[in-house]
Amino acid sequence: VQIKGVIEFDNSDGNHIYLIDGDAKINIVDEFESAAREYGSEVQVNYWITDSPCTKEEMLEGWLRKVFGSIEAEYEYYNAGSWTYADQAY
């Protein structure tokens, strides 16, 4: 089972954690309970959290970069005379 979305906390009638994916509002606890009922009392949960929405491929690429020790470096320069701006990432 794979679920995705933006995390939302709802404390109005108890502590609930939802994933919002478009118009869908997925209760994470309900999903875990459903998986436990279907697959038994032991389930494995893998998760990734990003600081902004991204695709599954972008998320996995970022995770692989961290696993293999990728280095990200950026530089910027400004030229006030002609208002030139450049931003480059590697």
Side-chain angles (χ1 to χ4, degrees):
V1 176
Q2 179 179 329
I3 57 176
K4 66 182 177 78
V6 177
I7 296 173
E8 177 184 283
F9 296 97
D10 181 0
N11 295 322
S12 61
D13 60 346
N15 291 327
H16 297 284
I17 303 172
Y18 296 98
L19 288 179
I20 308 300
D21 185 19
D23 291 335
K25 188 172 185 176
I26 304 163
N27 186 320
I28 296 175
V29 175
D30 288 348
E31 289 294 322
F32 290 159
E33 288 175 349
S34 174
R37 281 191 302 276
E38 184 172 345
Y39 301 110
S41 62
E42 293 184 23
V43 294
Q44 177 177 333
V45 176
N46 297 319
Y47 63 92
W48 287 267
I49 297 175
T50 61
D51 57 358
S52 61
C54 63
T55 66
K56 179 180 176 182
E57 290 76 22
E58 291 169 331
M59 182 177 54
L60 290 174
E61 180 181 336
W63 176 74
L64 286 171
R65 287 180 183 270
K66 288 182 181 179
V67 167
F68 290 103
S70 174
I71 297 174
E72 293 187 24
E74 296 183 14
Y75 71 88
E76 297 179 346
Y77 68 89
Y78 300 88
N79 182 337
S82 61
W83 293 100
T84 301
Y85 170 78
D87 185 5
Q88 184 68 44
Y90 295 96

Please report the interatomic distance [atom1]([X]) to [atom2]([Y]), rounded to the nearest 0.5 Å.
X	Y	atom1	atom2	answer
Ile28	Tyr18	CD1	OH	10.5 Å
Leu64	Met59	CG	CE	11.0 Å
Glu61	Thr55	CD	OG1	8.5 Å

*Indicate, with yes or no, if Val6 and Ile26 share a hydrophobic cluster defined by side-chain heavy-atom contacts under 4.5 Å among Ile, Leu, Val, Met, Phe, Trp and Tyr.*
no
*What are the two closest non-hydrogen atoms of Asn27 and His16, and how far apart are they?*
ND2-ND1, 3.9 Å
*side chain to side chain donor-acceptor pair (under 3.5 Å) with Glu8: which residues, sequence neighbours excluded?*
Lys25
*Could you go through the side-chain contact (heavy atoms from CB on, under 4.5 Å) check for Ile7 and Leu19 one step at a time?*
CA-CA 5 Å; Ile7 296 173; Leu19 288 179; 3.8 Å; yes
